[in-house]
Number of protein chains: 2
Amino acid sequence: MEIREVFARNLRAARQAKGLSQEELAHRADIDRTYISSLERSIYNASIEVVDRLATVLGVEASELLKRSQDEHVKSTIELDE
Amino acid sequence: MEIREVFARNLRAARQAKGLSQEELAHRADIDRTYISSLERSIYNASIEVVDRLATVLGVEASELLKRSQDEHVKSTIELDE
DNA sequence: GTGTGACTCGAAGTCCGTA
DNA sequence: GTACGGACTTCGAGTCACA
């Protein structure tokens, strides 16, 4: 599995766990909304700088968003009700 | 601390721990020799694809190469209090 | 609220060299 | 074996209108 797919899944999972829309996340990370959409669809191999900014806003470590086959791990790391 | 600096330090540490030269690492990861040098000097923000390929060759998880020291993590977490 | 194609622009990444 | 420079080419970064 491509690393960008891993990132895409972890990003979407972390975003939804936080209860944020792509719009809201884009706003807080100062990144374009459609670019967030592209990342979640595995269009690009994001740079580590973008990964770090998104991770910071989502309240996780940048490394968390690159972990393979641990969908549950990201979710459980972010303790958020609904 | 910039994420690329974190990556640069972790990359060099992991490479030396493996006893590999920049040349050898570049060859095995199929990445330009001078680019590895640039990454270890924090010149660029590598894409996650490059991070993943290097991590694979070094026998570690891609996420391992982006881990900040505990002190740095605490600092950045406190700074971005919403 | 999200997906997508088309676009521009600059950084990522390669390839040549020298010290 | 590594740092560093110049001159490339590729692709991520960022924006827009429209579905």
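Atoms considered below: every heavy atom in the structure, side chains included; atoms not considered: hydrogens, waters and symmetry mates.
- Comparing A:Ile48 and B:Ser37, the nucleotide of DNA chain D nearest to each residue sits closer to the 5' end for B:Ser37.
- Remark: C1' of D:dC18 and CZ of A:Arg33 are 11 Å apart, rounded to the nearest angstrom.
- Counting to the nearest Å, the P atom of D:dT10 and the CG atom of B:Asp30 are 16 Å from each other.
- If you measure from atom CD of B:Gln22 to atom C1' of D:dG1, you get 8 Å, rounded to the nearest angstrom.
- At least one side-chain heavy atom of B:Phe7 sits less than 4.5 Å from a side-chain heavy atom of B:Leu54.
- Between the P atom of D:dG12 and the CD1 atom of A:Ile3 lies a distance of 14 Å, rounded to the nearest Å.
- Taking 4.5 Å as the limit, some side-chain heavy atom of A:Leu20 sits within range of a side-chain heavy atom of A:Leu58.
- On the nucleic acid side, DNA chain C contacts chain A at distances under 4.0 Å to non-hydrogen atoms, with the end points of that region at C:dG1 to C:dT4.
- One can place CD1 of A:Ile36 at 16 Å from P of D:dG12, the figure rounded to the nearest angstrom.
- No contact: B:Arg53 has no heavy atom under 4.0 Å from any strand.
- A donor-acceptor contact under 3.5 Å links the side chain of A:Thr34 to the base of D:dC16.
- Between A:Leu11 and A:Leu25 there is a side-chain heavy-atom pair separated by less than 4.5 Å.
- Looking only at side-chain heavy atoms (C-beta outward), A:Arg12 and A:Arg9 stay at 4.5 Å or farther from each other.
- Counting only distance, with no hydrogens or angles, the side chain of A:Arg53 and the backbone of A:Asp30 share a donor-acceptor pair below 3.5 Å.
- When A:His27, A:Arg33, A:Glu40 are each tested for a side chain to side chain donor-acceptor pair (under 3.5 Å) with A:Gln22, only one passes: A:Glu40.
- Between the P atom of D:dG1 and the NE2 atom of B:His27 lies a distance of 13 Å, rounded to the nearest Å.
- Contact annotation: the side chain of B:Arg4 approaches that of A:Ile48 to within less than 4.5 Å [non-hydrogen atoms, C-beta and beyond].
- In this structure, the CZ atom of A:Phe7 is 13 Å from the P atom of D:dG12, given to the nearest Å.
- In this structure, B:Arg41 does not reach the D:dG5 phosphate: none of its side-chain N or O atoms is under 4.0 Å from OP1 or OP2.
- In this structure, the CZ atom of A:Arg4 is 11 Å from the C1' atom of D:dC11, given to the nearest Å.
- Between B:Glu23 and B:Tyr44, the residue whose closest nucleotide on DNA chain D is further toward the 5' end is B:Glu23.
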